[in-house]
There are 2 protein chains.
Amino acid sequence: MDRLSEVFSALADPTRRAILARLAEGEATVNQIAEPFPISLQAVSKHLKVLERAGLITRGIQAQWRPCRLDAAPLRGVAEWVTEYQRFWEERYDELGTYLTKIQKEN
Amino acid sequence: MDRLSEVFSALADPTRRAILARLAEGEATVNQIAEPFPISLQAVSKHLKVLERAGLITRGIQAQWRPCRLDAAPLRGVAEWVTEYQRFWEERYDELGTYLTKIQKEN
DNA sequence: TAGTTAATCAACCCATAGGTTGAATATGCC
DNA sequence: GGCATATTCAACCTATGGGTTGATTAACTA
């Protein structure tokens, strides 16, 4: 699978996005990450593996802990991709703006 | 499934992203969209349904044709989400910048 | 009315995703 | 060495995704 697909796919799960949000506040171990979720530790471990494969997190080794860190680098690619379409959602506002200016002049 | 997940999920397929790129150049019918792809028309039809459910395209009715139009609105949500993490990939550059400035002063 | 074209529906196949439970592997602590 | 803790591995289950082929629906055309 290509990188962008892998990243989008990793982001398509709310649990994984929540994990990223958690890691945005700082490094955390698997148990710490898993704590707020109503799923098993193993399930969280799997999510972490998906995030790791997508390059969104990196993992260290400290004794029996595997501290996870956010790596936002792949999100740059997402930002670049989405920027290509920016004009399409702004256009709408431009059109609205044009329309409002037009009726303003007319009345 | 929440909207953001649905959108990310829809974007996680290269064929679907290619369809969006095609529609960025203008409206097209299902057959026109399907033409460049090495998969069946039905498969493309399914992809279009996924994109439609995610709100990324809208479809009209003109005789037996179903012209598809890009609707980039949901991508705003993606842009907003990813922007939250922007500082994390920029930080890295800041750190690099700081580092470069530092060694420059040192030598 | 019959035939062609556009698109969808339906049934099916296989691989993968997300979850489970239970066992295994390290590592630190007495 | 023996035990607790942190994490992963393995096997399994079920649902879904992306693809196929064949049949169906709807609209134009001769």
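In what follows, chains carry the letters A, B, and so on, assigned in the order in which the sequence lines appear, proteins first and then strands, with residues in each chain numbered from 1.
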Treat each ILVMFWY residue as a node, draw an edge where side-chain heavy atoms are under 4.5 Å apart, and state whether [X] and [Y] are in one component.
| X | Y | value |
| --- | --- | --- |
| A/L4 | A/V82 | yes |
| B/I39 | B/V30 | yes |
| B/I33 | B/W65 | no |
| B/I57 | B/V50 | no |
| B/V78 | A/W89 | yes |

What is the distance, to the nearest angstrom, from the [atom1] atom on [X] to the [atom2] atom on [N]?
| X | N | atom1 | atom2 | answer |
| --- | --- | --- | --- | --- |
| A/H47 | C/dA17 | NE2 | C1' | 9 Å |
| A/R53 | C/dA17 | CZ | C1' | 14 Å |
| A/M1 | C/dA15 | CE | P | 17 Å |
| A/K46 | C/dA17 | NZ | P | 10 Å |

Just to be sure I understand the geometry, which residues of residues 10-19 of chain A put a non-hydrogen atom under 4.0 Å away from DNA chain C? A/D13, A/R16

Filtered N/O pairs between nucleotides 5-7 of chain C and protein, under 3.5 Å:
| residue | atom | partner | partner atom | Å |
| --- | --- | --- | --- | --- |
| C/dA6 | O3' | B/Q64 | O | 3.4 |
| C/dA7 | OP1 | B/V30 | N | 3.3 |
| C/dA7 | OP1 | B/R66 | N | 3.2 |
| C/dA7 | OP2 | B/N31 | N | 2.8 |
| C/dA7 | OP2 | B/N31 | ND2 | 2.5 |

Carefully, step by step, assess A/E6 and A/R3 under the rule salt bridge (Lys or Arg N to Asp or Glu O under 4.0 Å). CA-CA 5 Å; A/E6 203 151 44; A/R3 225 338 140 69; 3.8 Å; yes

Let me know which of A/R66, A/R69, A/R59 forms a salt bridge (Lys or Arg N to Asp or Glu O under 4.0 Å) with A/E52. A/R59

Stepwise side-chain contact (heavy atoms from CB on, under 4.5 Å) check, A/Q42 with A/K46: CA-CA 6 Å; A/Q42 291 94 322; A/K46 281 192 186 179; 6.0 Å; no

At a 4.0 Å cut-off to heavy atoms of chain A, the contacted part of DNA chain D spans D/dT5 to D/dA11

I'd like to check [X] versus [Y] (side-chain heavy atoms, cut-off strictly below 4.5 Å). Are they in contact?
| X | Y | answer |
| --- | --- | --- |
| A/C68 | A/Q32 | no |
| B/L75 | A/W81 | yes |
| A/N31 | A/V44 | no |

Can you work out whether A/I61 or A/I39 has the more 5'-proximal nearest nucleotide on DNA chain C? A/I39

